[in-house]
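Positions are given from 1, in the same order as the sequence printed here.
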Amino acid sequence: MTHWTFFHIVMQILRWTLPLLVTVHALVHKRDTASCTGWIGICWIAPVLGTVLYLMFGINRVRRRAQKMVNRHLWEGRDPLAQYRQTVDGDLAPLSKMLGRLTERPLMRGNSITCLHDGDNAYPAMLEAIGQAKTSIILCSYIFRDDEVGQRFAEALVAAKRRGVEVRVLVDGIGSGYFRCGIERRLRREGVACARFMHSVWPWRMPFINLRNHRKILVVDGTIGFMGGLNIGEENMLRLRTKLPVADTHFRLQGPIVHQLAVAFAWDWSFTTGEELEGERYLPEPSPVGDVPMRIVTSGPDTDLEKIEYGMLQAFALARSHIWVMTPYFLPDDRFSTELILAALRGVVIDIVVPRSSNHALIDHARDANLRPFLDAGCRVWMADPPFNHSKLMVVDDEWSFVGSANIDMRSLRLNFEINLEIYDTGVAKDLSTFMQTHRRNRLTHHDLDSLPFLIRMRNSAIRLLLPYL
C-alpha cells in the first residue's frame with residue numbers, strides 16, 4: 001500500500017466519522033434548532049475544518065463547568081436574607097414570582113439606590129468608597145483601561161491593599177485586552193489579586209471569542225455596591241472631551257441587595273480562580289438602608305441561560321400602559337421582537353430610545369434594517385443625539401425598572417455573562433422615565449427608512465443577516 005493510498009483511506013474515514021460524531025453531539029446538546037442545524041451542515045460540508053470549529057466554539061464548556069459549582073455557595077442551612085424577603089401585590093405580582101423561581105433569589109426590601117450619570121458623577125463616588133474601605137473590595141469590569149482614569153482606580157486599589165483591605169479584581173479576557181492587559185500587570189505587580197475572565201492563549205481550552213463577562217460590579221466592605229453599564233476608562237468622563245465620548249448610567253446601592261451583588265461576583269471569581277470568597281469580610285450580615293424592593297438577575301451561557309431576557313419578556317406581557325426602553329444596541333431576536341410588538345398592538349405605548357450613532361457602525365446598520373416591524377406596530381423609535389449613550393434602562397408602567405449591563409441583542413442576552421437589577425419603586429421608575437424622555441430627539445418614521453438610498457438599504461439588510469453574531 002502506498003503512502004498516498006493510506007492517506008486517502010484515512011481521509012475517507014475522517015470524512016464520514018467526524019461529521020457523524022458532531023451530529024450526534026449536537027443533537028444531544030443543542031437546544032437551538034438553527035444552531036444545531038448550522039453546525040451539522042458545516043461539519044458535513046467541511047468535515048475537518050467544521051469539526052475543529054465546533055470543538056473550539058460549538059461546545060458549551062462553561063455550562064458543564066458551572067454545573068459542578070452549583071452547590072458551592074451555600075450557607076449551611078442559614079439564610080441571612082430571610083428577614084428581608086419581600087412580596088409584590090397587584091399586576092406585577094406574576095413577574096416577581098416568576099423571577100424569584102427563575103433566579104432562585106428573593107426580592108429584597110430595605111434598600112436604597114442612587115442614580116449616577118456618566119463617569120463624571122459615578123467615578124468620584126466609586127473612588128470615595130474604595131478610599132474608605134476597611135475590610136474588602138471586589139471589582140469586576142468588562143473594560144478596565146490602563147489610562148488616566150484606570151490609573152486612578154489602580155492607585156486607589158493598591159492603597160487599599162497596603163492598608164490591609166482584601167482586594168479582588170476581575171476583568172474580561174477580551175474587553176480589557178486579549179494580548180496585553182496593562183491594568184492587570186500593574187495590579188499584580190503591586191500585589192493586588194487580579195484575574196482575567198476566561199482568558200487563554202489556547203483556543204481549545206475555552207471558546208473565548210464568543211463568551212465574555214460583561215458585568216460591572218463594585219462592592220466595598222460588603223455594604224456599598226455599584227453596578228450598571230459603566231466601564232472604567234477616560235471616554236466615560238465627558239468633561240475630558242475625548243474623541244469618542246461615552247455617556248452612561250451607573251447605580252449606587254445599599255442594603256441587603258448588596259449581599260446578592262457580592263455573591264454574583266463571588267461566583268465569577270470562583271469560576272475564574274477557584275478561590276471561594278466567604279465570611280464576614282466579604283459577606284457581612286446585611287442591614288436595611290431604605291425601603292426599595294430589588295433583586296439581582298444574572299444571565300450567561302451557564303446555569304443562568306437567558307434569565308434576563310425572560311424577565312423582560314414577562315414584563316412586556318404584563319405591561320398595561322407604557323414601556324420605556326433605552327439601549328445602545330437594539331438587535332432583538334424574534335422572540336423579544338414579537339412580545340414587544342404584541343404589547344404595542346394591544347395598546348401599550350412603547351418608546352425605544354437608541355443612539356443615532358453608536359461606537360459600532362455595523363450594529364447601527366443592522367439595527368436600521370431591523371426597525372420597520374416596530375414602526376409598523378406603532379412603537380415610537382427615537383434617535384438620541386451625541387454623545388453616544390451606553391445606558392441600558394427599561395421601565396414598565398412607571399412601576400418596575402430593569403437596569404444593568406445587558407444590551408438588547410442576541411450576543412448580550414445569550415452569550416455574555418450579564419447582570420441586571422429589577423426595582424419595584426415608582427419614584428425610581430419615574431426618574432428613569434424622565435431621563436429617557438430628555439433623550440428623545442428625533443422620531444424615526446417610515447419615510448426615513450424609505451428615503452435611504454437603495455444601496456444603503458441593501459447594505460443594512462445584508463449586515464442584518466449577521467444579527468446572531470454582532
Side-chain angles (χ1 to χ4, degrees), residues 229 244-249 309 312-313 315-316 319 321-398 401-403 406-413 432-468 470:
L244 296 173
V246 179
D248 214 324
T249 306
E309 184 178 11
M312 294 177 178
L313 297 178
F316 295 161
S321 59
H322 204 145
I323 297 173
W324 281 97
V325 174
M326 186 173 189
T327 180
Y329 316 114
F330 188 68
L331 284 172
D333 60 10
D334 290 341
R335 180 172 57 191
F336 187 104
S337 301
T338 299
E339 202 65 59
L340 196 58
I341 287 171
L342 288 175
L345 292 175
R346 70 172 184 267
V348 177
V349 177
I350 297 176
D351 284 289
I352 303 168
V353 183
V354 295
R356 183 180 301 280
S357 298
S358 74
N359 56 347
H360 293 292
L362 287 179
I363 293 180
D364 294 341
H365 300 331
R367 175 201 67 195
D368 292 346
N370 204 44
L371 288 175
R372 186 177 295 276
F374 299 96
L375 299 183
D376 292 343
C379 299
R380 302 189 299 201
V381 180
W382 304 89
M383 298 292 181
D385 290 337
F388 164 54
N389 202 301
H390 192 248
S391 302
K392 307 96 163 42
L393 310 173
M394 182 178 295
V395 173
V396 173
D397 293 343
D398 276 340
S401 306
F402 207 37
V403 302
N407 301 310
I408 298 180
D409 58 57
M410 293 175 66
R411 162 169 293 285
S412 184
L413 296 176
L432 293 177
S433 298
T434 300
F435 174 78
M436 287 185 272
Q437 187 171 357
T438 62
H439 286 76
R440 297 191 311 179
R441 287 294 183 268
N442 299 287
R443 183 175 175 182
L444 187 73
T445 66
H446 287 87
H447 175 72
D448 295 325
L449 297 180
D450 294 336
S451 62
L452 291 173
F454 176 77
L455 291 180
I456 297 296
R457 282 184 282 156
M458 290 299 99
R459 177 202 65 188
N460 295 350
S461 297
I463 296 175
R464 180 179 174 271
L465 298 178
L466 300 175
L467 187 150
L470 294 175

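- Among V325, V395, D351, the one residue that satisfies the side-chain contact (heavy atoms from CB on, under 4.5 Å) test with M436 is V395.
- Side chain of R441 to backbone of T438: a donor-acceptor contact under 3.5 angstrom is found.
- Using a 4.5 Å heavy-atom cutoff, the side chains of L375 and L449 are in contact.
- Judged by distance alone, the side chain of H390 and the main-chain N or O of G229 form a donor-acceptor pair under 3.5 Å.
- Residue pairs meeting the ring-ring contact (aromatic ring centres under 6.0 Å, His included) criterion with at least one member in residues 436-459, sequence neighbours excluded, are F435-H439.
- Using the six-membered ring where Trp is involved, H360 and Y329 have ring planes that are tilted, between 30° and 60° apart.
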Criterion side-chain contact (heavy atoms from CB on, under 4.5 Å) on L340 and F374, from CA distance to verdict = CA-CA 8 Å; L340 196 58; F374 299 96; 4.0 Å; yes
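- Contacts classified as side-chain hydrogen bond (donor to acceptor under 3.5 Å, both in side chains) and involving residues 338-348 (residues at least two apart or in different chains) are not found.
- For the 3.5 Å distance criterion, the side chains of T445 and D448 qualify, holding a donor opposite an acceptor.
- Checked options R380, M383, R356; the residue passing with L444 is M383 (criterion: side-chain contact (heavy atoms from CB on, under 4.5 Å)).
- Without hydrogens or angle criteria, D368 side chain to H365 main chain gives no donor-acceptor distance under 3.5 Å.
- Distance alone, capped at 3.5 Å, is enough to place a donor-acceptor pair between the S391 side chain and the T249 backbone.
- Distance alone, capped at 3.5 Å, is enough to place a donor-acceptor pair between the D397 side chain and the H322 backbone.
- A donor-acceptor pair is defined here as one N or O able to donate and one able to accept, closer than 3.5 Å; no such pair exists between the side chain of D364 and the backbone of S357.
- Of the possible donor and acceptor atoms, one in the side chain of S461 sits under 3.5 Å from a partner among the backbone N and O of R457.
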Would you sort out whether L331 and M410 count as a side-chain contact (heavy atoms from CB on, under 4.5 Å), showing the intermediate values?
-> CA-CA 7 Å; L331 284 172; M410 293 175 66; over 6 Å; no
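- Under a 4.0 Å N-O distance rule, the pair R372/D450 qualifies as a salt bridge.
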Go through the steps for L371 and I352 under the test side-chain contact (heavy atoms from CB on, under 4.5 Å), then give the verdict.
-> CA-CA 10 Å; L371 288 175; I352 303 168; 5.9 Å; no
